[in-house]
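As a basis for the values below, the full set of heavy atoms in this structure was taken, side chains included, without hydrogen atoms, waters or symmetry mates.
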Amino acid sequence: METNTYLSKFYKGTKGPTLEAIQYFMEQLDFPQNKLKIVHVAGTNGKGSVCEMLSNVLEKAGYIVGKFMSPHIIKFNERICVNHQEISDEELEKYIKIMNPIVEQYNENHSVKVTLFELETAVALLHFVSKKCDIVIMETGLGGLCDCTNIVYPMISMITSIGYDHMDILGKTLEEITIQKAGIIKQNSETIFIKQEPQVNEIIEQTCKQKNNMLHLISPQDWSKPEYNGEYQIFHYKGKQIEINLKGKKQIGNACMVLEAIKILQNKGYNIPEEAIENGLKTVVHKARFEKIYEYPLMIFDGGHNEAAIQNLKETIKQYYPQNKKIYIISILKTKDYKTVIKELIEDKDASFIFTDGTKDKDEVKCYVEKETLYEEALKYRKDNIYMDSLENAINKCKQECKDEVVFIVGSFYTYQEVIQNLKK
């Protein structure tokens, strides 16, 4: 069986709010989710960073750690890892052969067919059981309440920042979106959350109260003395100095959530020494999140594609590169709010902007806003230093002509593979 061909047949988007298919899978597979210890992570931004930091610390502590995240950056197998080892093609094929008759049986009796994310969630759970994982870090795909990962019963639920994204599915208001994210809060468990707007906090607090769930509420005032020493971000949290490898002020809050999760796990009997915490936070890498991908000229990739992520990107650029000349290479999926992204980025009056329409591979997921449309939107705000080009040409020109500028490639995770391949030429 050619796995990529098989996987390509599945719908890659989101269907109506239902857990019916994944529940059916779990029944047929003898409920693999109940055989695992799970930390469940939801949120608009920051989920991936939290998953990477926590899994890295637990691995340094000697545990077998499963990690389920999406989307992948280069290869599908990245979504399912055990101790940073991606699921192999052979393993993936083995689980697909198990799943295929179950999928076919379900599809025969339902008008709405199984999606790729439903399939991969089931495959991930089977893989983690097979590998005898001590603990699994599981990221939601979209929302929480009706996300197909929500068939798990976690030891800890972690909800990162909540903002406006996927509003066509999750709701038009922060309250509606928060209710969806709060869907991962389970009865008699524990939840970690950083204080946000009062209406958001209230929903999280009330949900925890209703479910007898212990809420670990973090306030931005709980960390102090943030600084950057040229290599690590340094801050103090509950009397301890912490150093993290990930860049951007938002990562400090994400790290505090991880530290809170570690404390809960320690209280549950997990042996996580200070050395593992220190090494885990200082060595973690998160691909495509303010990642330096080229040295001369300096190129940084960030997949941020919603208002909150772009604001965080702007803040991080201001923190690390306030005096540098900047060039932005921008590609945006049609499913994203490209007008807001452009409005936020175009405020950098001294920068130049090159608008592209993404990668050459334009399947149903990788469908980008045309560069002409992005350019016309940018013209509403400025007439100078805005250009159109293909992604490949834009990168090549910057490689050849840029000297002191910092080049930021932003707007979509899906361009990462082509960008990296181009830079390796």
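- In plain terms, the two heavy atoms of Cys148 and Thr121 that are nearest each other are SG-OG1, 3.2 Å.
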Begin from the C-alpha positions of Thr149 and His40 and carry the test side-chain hydrogen bond (donor to acceptor under 3.5 Å, both in side chains) through to its verdict. CA-CA 8 Å; Thr149 63; His40 202 188; 2.8 Å; yes

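- A donor-acceptor pair shorter than 3.5 Å can be found between the side chains of Asn254 and Gln251.
- Rounding to the nearest 0.5 angstrom, the gap separating the OG1 atom in Thr415 from the OH atom in Tyr368 is 5.5 Å.
- Within the cation-pi definition used here (under 6.0 Å to the ring centroid, within 45° of the axis), Lys282 qualifies as a partner of Tyr232.
- Between Gln233 and Gly248, the closest heavy-atom pair is NE2-O, 2.8 Å.
- Counting only heavy atoms from C-beta outward, the side chains of Tyr338 and Leu333 never approach each other to under 4.5 Å.
- Of all heavy-atom pairs spanning Pro226 and Ile252, the tightest one is CB-CD1, 3.7 Å.
- A salt bridge is defined here as a Lys NZ or Arg NE, NH1 or NH2 lying under 4.0 Å from an Asp or Glu carboxylate O, and Glu307 with Lys336 fails to meet this definition.
- Between His127 and Tyr95, a ring centre-to-centre spacing shorter than 6.0 Å is recorded.
- Pairing each heavy atom of Ser331 with each of Thr356, the nearest pair is OG-OG1, 2.5 Å.
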Would Ser88 and Glu91 count as a side-chain hydrogen bond (donor to acceptor under 3.5 Å, both in side chains) here? Give the steps. CA-CA 5 Å; Ser88 69; Glu91 288 167 327; 3.1 Å; yes

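- A salt bridge is absent between Lys67 and Glu78; no separation between the charged side-chain nitrogens and carboxylate oxygens falls under 4.0 Å.
- Ile194 places none of its side-chain heavy atoms less than 4.5 Å from the side chain of Ser161.
- Closest of all the heavy-atom pairs between Asp222 and Tyr237 is O-CD1, 3.5 Å.
- No donor-acceptor distance shorter than 3.5 angstrom exists from the side chain of Asn213 to the backbone of Asn188, with no hydrogens or angles considered.
- Between Glu52 and Arg289 no salt bridge is recorded (no basic side-chain N to carboxylate O distance below 4.0 Å).
- When the shell of 6.0 Å around NZ of Lys349 is examined, it contains more than 12 heavy atoms from other residues, nucleotides or ligands.
- By the 4.0 Å N-to-carboxylate-O rule, Lys75 lies close enough to Asp89 to be salt-bridged with it.
- Salt bridge annotation for Lys326-Glu405: absent, with no cationic side-chain nitrogen under 4.0 angstrom from a carboxylate oxygen.
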Stepwise, does the salt bridge (Lys or Arg N to Asp or Glu O under 4.0 Å) test hold for Lys97 with Glu93? CA-CA 6 Å; Lys97 286 180 177 178; Glu93 183 175 348; 3.4 Å; yes

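- Side-chain atoms of Asp357 never come within 3.5 Å of backbone atoms of Val369 as a donor-acceptor pair (strictly under, hydrogens ignored).
- Going from atom CD1 of Ile22 over to atom CD1 of Ile151 covers 5.0 Å, rounded to the nearest 0.5 Å.
- Between Tyr63 and Asn83, the side chains place no donor N or O within less than 3.5 Å of an acceptor N or O (distance only, hydrogens not considered).
- Under the 30°/60° scheme for interplanar angles, the aromatic rings of Tyr24 and Tyr106 are found to be tilted.
- Using a 4.0 Å cut-off between charged side-chain N and carboxylate O, Asp30 and Lys35 make a salt bridge.
- Panel note: side chain Lys247, backbone Asn245; a donor-acceptor pair is recorded below 3.5 Å.
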Could you walk me through whether Asn56 and Thr283 pass side-chain hydrogen bond (donor to acceptor under 3.5 Å, both in side chains), step by step? CA-CA 8 Å; Asn56 205 43; Thr283 61; 3.0 Å; yes

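- For Phe117 and Phe68, the ring centers are positioned less than 6.0 Å apart.
- What you find for Val406 and Phe408 is that their closest heavy atoms are CG1-CZ, 3.4 Å.
- Aromatic ring orientation, Tyr320 versus Tyr228: perpendicular (interplanar angle above 60°, classes split at 30° and 60°).
- Inspection of the His286 and Glu291 side chains reveals no N or O donor paired with an N or O acceptor under 3.5 Å.
- A salt bridge between Glu205 and Lys195 is absent, with no side-chain N of the basic residue lying under 4.0 Å from a carboxylate O of the acidic one.
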